[in-house]
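Accompanying notes for the structure given below.
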Amino acid sequence: LQPKVLKNRRILITAGPTFEPIDPVRGITNRSSGKMGYAIARAAREAGASVTLISGPTALDTPYHVNRVDVMTAIEMRDAVMSHISHQDIFISVAAVADWRVANASDQKIKKNKNGDTPTLEFTENPDILASIAALPDPPYCVGFAAESEKLRQHAEEKRRKKGIPLLVGNIGHETFGKDDNTLILFDDTGTLELPHGSKQLLARQLIEQIAKRL
Ligand code: C5P
């Protein structure tokens, strides 16, 4: 049995990919499975927290006693986070939010055209949910994630400062998508801490302990 290090704490977590429509039947997404975010939601609940999980489309079961809110797009995720953020003690942004959405999405299914012309997609940038929460007047303790394909340490520390958050968690190696295990590295004001390779559930428990220490 774990100690209830988050007893009486309220925690909001985002997880999974977002799905950005092209038309009513097509869209753009990414390879996030949601497993890391769901593992953190489960670990936070086991640590005694009251947990709300804002989830993009995943194939995962809702963790026991976690309040789950399903969304599709980055804009829906931003709106759901905004409507649940008050009175939260901690915000952990694990979701792989799409950087862009399709600006010229069609209301009707796009048809193939006889001349063989192909459609052209235009993109517009999505809002940075984590940065906007961190910029609130009295923000919860904010934790971000980074999946970098190169120069993890340098990019992660830059990202932490740019987003204005106290703790950023890097995935070591970018082939963690869909897997049940991972290796994490924590970046905060005092430096770095590596959580060695292990199951996402074990790493989630260790991360929750580290967050509880820093509150
Ligand atoms: O800037 P980048 O996407 O690499 O940052 C990753 C972190 O920022 C993750 O914690 C992710 O959940 C969050 N993020 C966000 N909104 C976005 C893009 C990323 O909250 N539009």
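Just follow the structure's listing: the first ligand is 1, and inside any ligand the first atom is 1.
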- Message: Using a strict threshold of under 4.0 Å (side-chain N to carboxylate O), is an ion pair present between Glu157 and Arg161?
- Response: yes
- Message: Tell me whether Asp107 at atom CG has more than 12 heavy atoms from other residues, nucleotides or ligands lying less than 6.0 Å away.
- Response: no
- Message: Can you confirm whether Asp138 is buried at CG, in the sense that more than 12 heavy atoms of other residues, nucleotides or ligands lie under 6.0 Å from that atom?
- Response: no
- Query: Which bit of Ala95 gets closer than 4.0 Å to ligand 1, counting heavy atoms only: side chain, backbone, both or neither?
  - Reply: backbone
- Short version for Pro127: what comes under 4.0 Å of ligand 1, heavy atoms counted, is backbone
Is there a polar contact, in the sense of an N or O pair closer than 3.5 Å, between [X] and ligand 1?
{"X": "Thr14", "result": "no"}
{"X": "Phe145", "result": "yes"}
{"X": "Leu130", "result": "yes"}
{"X": "Asn126", "result": "no"}

Looking at ligand 1, would [X] count as a contact under a 4.0 Å heavy-atom criterion?
{"X": "Ala146", "value": "no"}
{"X": "Arg78", "value": "no"}
{"X": "Ala74", "value": "no"}

- Message: Using salt bridge (charged side-chain N to carboxylate O under 4.0 Å, His left out), reason through Arg160 and Asp189 one step at a time and then give a plain yes or no.
- Response: CA-CA 10 Å; Arg160 192 177 79 81; Asp189 271 342; 3.1 Å; yes
- Closest heavy-atom approach to atom 3 (O) of ligand 1 among Val169, Ile129, Asp99, Ile75 is made by Asp99
- What pairs with Glu158 under side chain to side chain donor-acceptor pair (under 3.5 Å), at least two apart in sequence or on another chain? Gln154
- Query: Transitive ILVMFWY cluster of Met72 at side-chain heavy atoms under 4.5 Å: who else is in it?
  - Reply: Phe19
